[in-house]
Protein chains: 2
Amino acid sequence: MRMSFAETFKALSDPVRREILVLLKGAPLSAGEIGSHFDMTGATISYHLSILKKADLVWETKVKNYVYYELNTSVVEEIMLWLSDLKGDK
Amino acid sequence: MRMSFAETFKALSDPVRREILVLLKGAPLSAGEIGSHFDMTGATISYHLSILKKADLVWETKVKNYVYYELNTSVVEEIMLWLSDLKGDK
DNA sequence: AAAGTAATTAGAAAATCTTCTAAATAGGTT
DNA sequence: AACCTATTTAGAAGATTTTCTAATTACTTT
């Protein structure tokens with residue numbers, strides 16, 4: 001079930017997590033592939049992925065012993081709508 | 001001078017600060033008027049306002065011994081553009 | 001100038017977040 | 001089954017954030 005707005009904004013507030021989302025813009029990547037872009041342990045990447053997942057910003061698919069993550073653009077859209085309303089667009 | 005994207009996202013990550021922005025949607029309000037909407041001390045509200053100000057999400061105008069805060073929608077627009085790009089809109 | 005009102009700053013406590021190491025889980029391969 | 005590879009979980013350390021109380025600044029009014 002969809003998590004709160006609050007948690008989505010929190011998920012977006014960390015630079016590592018935003019960079020992960022940008023990486024996923026092109027195509028789904030495994031946790032390991034994502035991790036290789038950062039100078040951090042896999043455990044830390046896993047922690048960030050879990051927050052993105054709880055915020056529904058990404059989906060995961062398990063294939064063999066890999067876990068692939070994919071961007072969920074519909075939640076991005078929700079945040080944009082909130083911002084759009086704030087801006088005063090009718 | 002305009003603060004980093006990172007700081008703008010951080011500023012948006014707190015529910016109190018988002019509620020302040022919504023309050024300012026209608027019209028500018030003084031720090032005291034903003035504070036009266038929350039069950040928090042004026043010092044705490046002042047802290048949140050300083051973060052919104054540093055993120056350039058609000059402007060302040062001093063009138064008598066009041067400080068009025070006003071929403072700055074152009075920064076909201078910047079965040080929307082980032083999200084729009086993430087979504088994949090060309 | 002003294003007193004009052006609005007708001008901010010300083011400093012500290014409590015809560016939350018980020019990161020690590022080490023251990024555990026899960027699946028694939030020999 | 002034993003071993004290897006990918007990923008997650010647990011637990012702890014360190015950093016950052018949020019909030020408060022008390023003190024300070026700034027401007028107004030008497």
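Each chain gets a letter, A, B and so on, in the order its sequence line appears, and its residues count up from 1.
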What residues join A:Y66 in its hydrophobic cluster, counting side-chain heavy atom gaps under 4.5 Å, either direct or through other members?
A:V63, A:Y68
Suppose we screen for side-chain hydrogen bond (donor to acceptor under 3.5 Å, both in side chains). Which residues come up paired with A:T61, at least two apart in sequence or across chains?
none
Kindly write out the residues that satisfy side-chain hydrogen bond (donor to acceptor under 3.5 Å, both in side chains) with A:E60, not counting sequence neighbours, or none if the list is empty.
A:K53, A:Y69
Tell me every residue that passes side-chain hydrogen bond (donor to acceptor under 3.5 Å, both in side chains) with A:T41, counting only those two or more places apart in sequence or in another chain.
A:T44
Excluding sequence neighbours, so at least two apart, what forms side-chain hydrogen bond (donor to acceptor under 3.5 Å, both in side chains) with B:S46?
none
What is the 5' to 3' range of DNA chain C, first to last nucleotide, that sits under 4.0 Å from any heavy atom of chain A?
C:dC17 to C:dG28
Which dot-bracket string fits DNA chain C when only Watson-Crick or G-U wobble pairs with both atom distances under 3.5 Å count, crossing pairs get [ ], and | stands for a partner on a different strand?
||||||||||||||||||||||||||||||
For B:K54 and D:dT18, give me the distance from atom NZ to atom P, rounded to whole Å.
11 Å
Listing, residues 9-16 of chain B side-chain donor-acceptor contacts under 3.5 Å, not counting sequence neighbours, or none:
{"residue": "B:S13", "atom": "OG", "partner": "B:K10", "partner atom": "O", "Å": "2.7"}
{"residue": "B:D14", "atom": "OD2", "partner": "B:V16", "partner atom": "N", "Å": "2.8"}
{"residue": "B:D14", "atom": "OD2", "partner": "B:R17", "partner atom": "N", "Å": "3.2"}

Hits for salt bridge (charged side-chain N to carboxylate O under 4.0 Å, His left out) against A:E77, two or more places apart or cross-chain, chain-then-number order -> B:K87
Does anything in residues 13-23 of chain B reach DNA chain C, meaning a heavy atom under 4.0 Å, and if so which residues?
none
Over all strands shown, is B:K62 touching base, sugar-phosphate only, or nothing at heavy-atom distances under 4.0 angstrom?
nothing
What salt bridge (Lys or Arg N to Asp or Glu O under 4.0 Å) pairs are there with at least one residue in residues 25-34 of chain A, not counting sequence neighbours?
A:K25-B:D85
Nucleotide by nucleotide, nucleotides 1-15 of chain D touches protein heavy atoms under 4.0 Å in the pattern (B base, S sugar-phosphate only, - none) ----BSSBB------
